[in-house]
Amino acid sequence: MKNTILNTLKSSSDYISGEEISRRIGISRAAVWKHIKKLRAEGYDIESVTNKGYKLINDGILSEDAAKALLTTEFIGRALHIMNVCDSTNEEAKRHFADADGSLFVSEVQTGGKGRLGRSWASERSIGIWMTLLLKPELPPQDVPQITLIAGIAVCRALGGSAMIKWPNDVVIGSKKVCGILTEMSAEMDRVNYVVCGIGINVNTKHFDDELAEKATSLYIETGTTYQREPIIAAVMNEFEPLYKEFLKNGFSGVYEEYKSVCTTLGKTVRVISRGTELIGTAIDISPEGGLIVDTGKEHITITSGEVSVRGMYGYI
Ligand code: BTN
């Protein structure tokens, strides 16, 4: 009910009276007032003027309708849930694991945004895109990490221009990260129950603090432009769906060449820390499964997980 009121406010460009809202939704004016109070407590800035009614002050709050209107997909992102706040959209998607394949969970702010390797992910209010896709692929569990690579390609396509991928799935502009992807799954030995693919894009961040400044960037920092987030959300979904369908049909080979063409790690010196050991070499290729092939001078090693530093990126010199 609260969300219905929120959507009513979002779709009204002018003030809308409590009476009109109660008539449209079929609840009492007292109930409308109660929900407005709840929405305000959640942080929505709702102005009320005597004899005019209520108006949502749009300070760049994501609109479900605006995002949906731009979707060209069949099922990816079609069930769209935009939240004002949540712990982590990955956790929210997991709580809704019974929802439809392709459901998308987006939050204005995350109080416990999660990054790879147990790190946290800075997810400040309304300046980025913090979203998670719930997927139910018929795949062996070992193929699931490839979904992350596909999501990376989709983000690169959606952002266009100079966005590239630092293996396996950081989307970078130049030498800094603009997007991180965290895929988690629930699986049995031989079958996947569900996958949550979380995508964080730094959109309108004006600056990053000391430690992050060396590694992170945003679309605003790169271009000096403030972006509407709905078109970017829709573009990522629109790009993801055909890639994902191709992947489910033909495996990673269907997207392999494109992945290689946007992988900026290739040809660079890398330092890999994996399972407690460190190696340094040149990234020479991507394996058919999406691993990073590193030439150490003595042998070629295929890296499938771990922390890869690329010389010239994120402050590694
Ligand atoms: C990384 O470490 O690069 C992965 C970062 C992933 C961040 C996104 S934001 C949306 C989703 N919810 C989370 O808690 N994490 C992912």
Side-chain angles (χ1 to χ4, degrees), residues 62 67 76-77 80-97 99 102-135 144-156 158-159 163-173 175-186 194-205 208 211-212 214-219 229-230 232-233 236-237 240 263-265 273-274 290 292 305-310 313-316:
L62 283 167
I76 292 293
L80 175 61
H81 307 273
I82 295 185
M83 292 160 286
N84 183 44
V85 57
C86 77
D87 49 357
S88 150
T89 51
N90 274 27
E91 295 306 318
E92 184 69 12
K94 286 184 208 169
R95 286 188 285 267
H96 288 83
F97 69 90
D99 282 15
S103 295
L104 180 65
F105 300 84
V106 190
S107 188
E108 290 286 359
V109 60
Q110 297 184 117
T111 52
K114 304 193 303 176
R116 286 177 67 227
L117 308 169
R119 298 187 182 123
S120 60
W121 179 262
S123 328
E124 274 179 60
R125 174 171 291 281
S126 303
I127 54 170
I129 294 172
W130 326 125
M131 63 180 177
T132 299
L133 259 176
L134 172 68
L135 299 167
V144 166
Q146 295 168 348
I147 294 178
T148 321
L149 308 183
I150 286 167
I153 304 176
V155 173
C156 271
L159 299 185
M164 294 194 78
I165 296 175
K166 172 184 171 287
W167 186 90
N169 52 251
D170 286 358
V171 179
V172 298
I173 299 180
S175 62
K176 293 182 179 177
K177 175 161 168 173
V178 71
C179 163
I181 302 170
L182 176 68
T183 299
E184 301 176 86
M185 72 169 152
S186 156
Y194 63 85
V195 171
V196 298
C197 178
I199 302 175
I201 307 177
N202 302 324
V203 180
N204 292 322
T205 317
F208 290 96
E211 206 197 314
L212 270 182
E214 198 173 39
K215 300 177 181 164
T217 190
S218 70
L219 298 179
R229 290 169 296 158
E230 293 89 340
I232 304 175
I233 294 173
V236 174
M237 296 300 111
F240 181 83
C263 182
T264 182
T265 309
I273 299 170
S274 180
L292 185 70
S305 63
E307 181 70 340
V308 174
S309 307
V310 179
M313 303 189 80
Y314 301 2
Y316 169 39

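We count ligands from 1, going down the list as the structure has it; atoms in each ligand are counted the same way.
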Excluding sequence neighbours, so at least two apart, what forms side-chain hydrogen bond (donor to acceptor under 3.5 Å, both in side chains) with S218?
->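 None.
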
Just by modelled atom types, is the W121 backbone N or O under 3.5 Å from a matching donor or acceptor in the S123 side chain?
-> yes

Has the side chain of W130 got a donor or acceptor atom that lies under 3.5 Å from a matching backbone atom of A122?
->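 Between the backbone of A122 and the side chain of W130 there is no qualifying donor-acceptor contact (under 3.5 Å).
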
What distance separates I181 CD1 from I150 CD1, expressed to the nearest 0.5 Å?
->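 Between atom CD1 of I181 and atom CD1 of I150 there are 10.5 Å.
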
Could you pull out the N/O contacts under 3.5 angstrom between ligand 1 and the surrounding protein atoms?
residue	atom	partner	partner atom	Å
ligand 1	2 (O)	R116	N	2.6
ligand 1	3 (O)	K177	NZ	2.6
ligand 1	12 (N)	T89	OG1	3.1
ligand 1	12 (N)	Q110	OE1	2.8
ligand 1	14 (O)	S88	OG	2.8
ligand 1	14 (O)	Q110	OE1	3.4
ligand 1	14 (O)	K114	N	2.7
ligand 1	15 (N)	K114	O	2.7

What residues form a salt bridge (Lys or Arg N to Asp or Glu O under 4.0 Å) with D87, not counting sequence neighbours?
-> R95

Non-neighbouring partners of K94 that pass side-chain contact (heavy atoms from CB on, under 4.5 Å), sequence neighbours left out = E91, K114, E184, Y194, V196

